[in-house]
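Numbers restart at 1 for each chain; the letters A, B, ... are given by sequence-line order, proteins then strands.
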Number of protein chains: 2
Amino acid sequence: MKSKSVERDLSPEKTEAILDGAMQEFLEHGYAAARIDKIAVAAGVSKATIYRRFPDKESLFTGLMQQLACKKELFNSTQLQSAQGDVTAFLKSLANKMLNNVADDPQVLTFLRIIIGESGRFPELARAFVQNIEKPILEAMTQYLASHPELELPDPEVAARAFMGTLIHFVILRDVLHSGDIVPMERDRLVDQLVKLIIK
Amino acid sequence: MKSKSVERDLSPEKTEAILDGAMQEFLEHGYAAARIDKIAVAAGVSKATIYRRFPDKESLFTGLMQQLACKKELFNSTQLQSAQGDVTAFLKSLANKMLNNVADDPQVLTFLRIIIGESGRFPELARAFVQNIEKPILEAMTQYLASHPELELPDPEVAARAFMGTLIHFVILRDVLHSGDIVPMERDRLVDQLVKLIIK
DNA sequence: GTCTATAAACAGATAGAC
DNA sequence: GTCTATCTGTTTATAGAC
């Protein structure tokens, strides 16, 4: 009665190693081009050991990605931690934290590529990402903006979307699509003017 | 002296059929999971006929996608055709046209998935997309906003990015990531309030 | 120039030894 | 429970016939 569902006396260390290796391989090559063989090598186990815990390649992929889509740490480290200070300063610092978070971490970019790239074949994965990552951020932003009536925002929810959408679009162009030089935009300028646009 | 570079007396009809079949297959399955076999069947030719014009799978893929990334018709059918009427009405109609364009055409969504999903392995493809699609739209938007000084926009370029970013983010959440029900937002409401946010 | 048939390599999944 | 060796089906790419 101490085993959870299917897993039964399987070495947790190897399971962890497999998930690590799978993450590396899937993030680097995507689903279709990822090789079970490579995952086994990276994890330091045999393929049979992988197939003892995961029925097939697809299960390994979805299991891993669903797990990743819940790790909020990956994204919003600082989720509206302290709504102190004036609104302008707070929004700027929030935007900067979000941009730093992806700029520093290439894995976050790769993760975004996979989520969007595989959203046609793995819609549930995309939905889990939105449910666990995007939705909480949007709701917190809306809440924050709505709690400041002096801003006189006619629609805080749309304002939150504009804020997030502008930043994400910026990241997609600059970092995901490698086009920071094609459509150049100073990061500080974007943040400053975006905040002005929202709160004025 | 009438052949262009490598192509030499190859049936243009079959080349066209191959590109059509390749588009179907690549858009549906992505690069790695696409099968040359399927492309040949869809095009009504043999695999050898494909390999006579394209050295390998990768060339076929990049050639096709680069071509697609130039077909602006796919996207902004109406590119600021007539800047007539008041600014509010014009921006709303522009936003609606953009949203209609992707809502109606699942191929556009699939194309976006591929561009982003493969941007790690095919950075030049991503850059071609930005150069030919995103950049012209952003520049035209900036130009339009800047040509209306009565709006008193401190930074038309950032305003244009906010406008585009909000709409694209909306499309990504609702259509690309299949999450319109998780983070619901009435389309007309978003457009109306977004325009207000920009021009007021 | 195009097709049929095939080569050659590979990848997902498993049987059986330990 | 884990590994080695292998099976089975598949896939890119090409050689050779027409």
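- Every salt bridge (charged side-chain N to carboxylate O under 4.0 Å, His left out) that Arg127(B) has, sequence neighbours left out, goes to Asp181(A), Glu124(B).
- Two residues, Lys14(B) and Tyr51(A), neighbour DNA chain C, and the one matched to the more 5' nucleotide by heavy-atom proximity is Lys14(B).
- Residue Glu152(B) places its CD atom among 12 or fewer non-hydrogen atoms of other residues, nucleotides or ligands, all under 6.0 Å distant.
- Here side-chain hydrogen bond (donor to acceptor under 3.5 Å, both in side chains) pairs that include residues 23-38 of chain B, with residues two or more places apart or in two chains, are Glu25(B)-His29(B).
- Across residues 26-37 of chain A, Ala34(A), Arg35(A), Ile36(A) each have a non-hydrogen atom less than 4.0 Å from an atom of DNA chain C (numbered order).
- From the 5' end on, the contacts that DNA chain D makes with chain A at under 4.0 Å to a non-hydrogen atom open and close at dG1(D) to dT4(D).
- Screening residues 105-119 of chain B for salt bridge (Lys or Arg N to Asp or Glu O under 4.0 Å), with sequence neighbours left out, gives Glu118(B)-Arg121(B).
- One atom, NZ of Lys47(A), and another, P of dA13(C), lie 10 Å apart when rounded to the nearest Å.
- Every residue two or more places apart in sequence or in another chain that forms a side chain to side chain donor-acceptor pair (under 3.5 Å) with Glu134(A) is listed here: His169(B).
- Applying the 4.0 Å criterion to OP1 and OP2 of dG12(C), one finds that Lys57(A) has a side-chain N or O inside that range.
- Remark: Glu13(B) pairs with Ser11(B) by the side chain to side chain donor-acceptor pair (under 3.5 Å) rule, at least two apart or across chains.
- Remark: Asp175(B) pairs with no residue by the salt bridge (charged side-chain N to carboxylate O under 4.0 Å, His left out) rule, at least two apart or across chains.
- Applying the salt bridge (charged side-chain N to carboxylate O under 4.0 Å, His left out) test to Arg187(B) and every residue at least two apart in sequence or in another chain returns nothing.
- Regarding Ile50(A), its CD1 atom lies at a distance of 11 Å from the P atom of dA13(C), rounded to whole Å.
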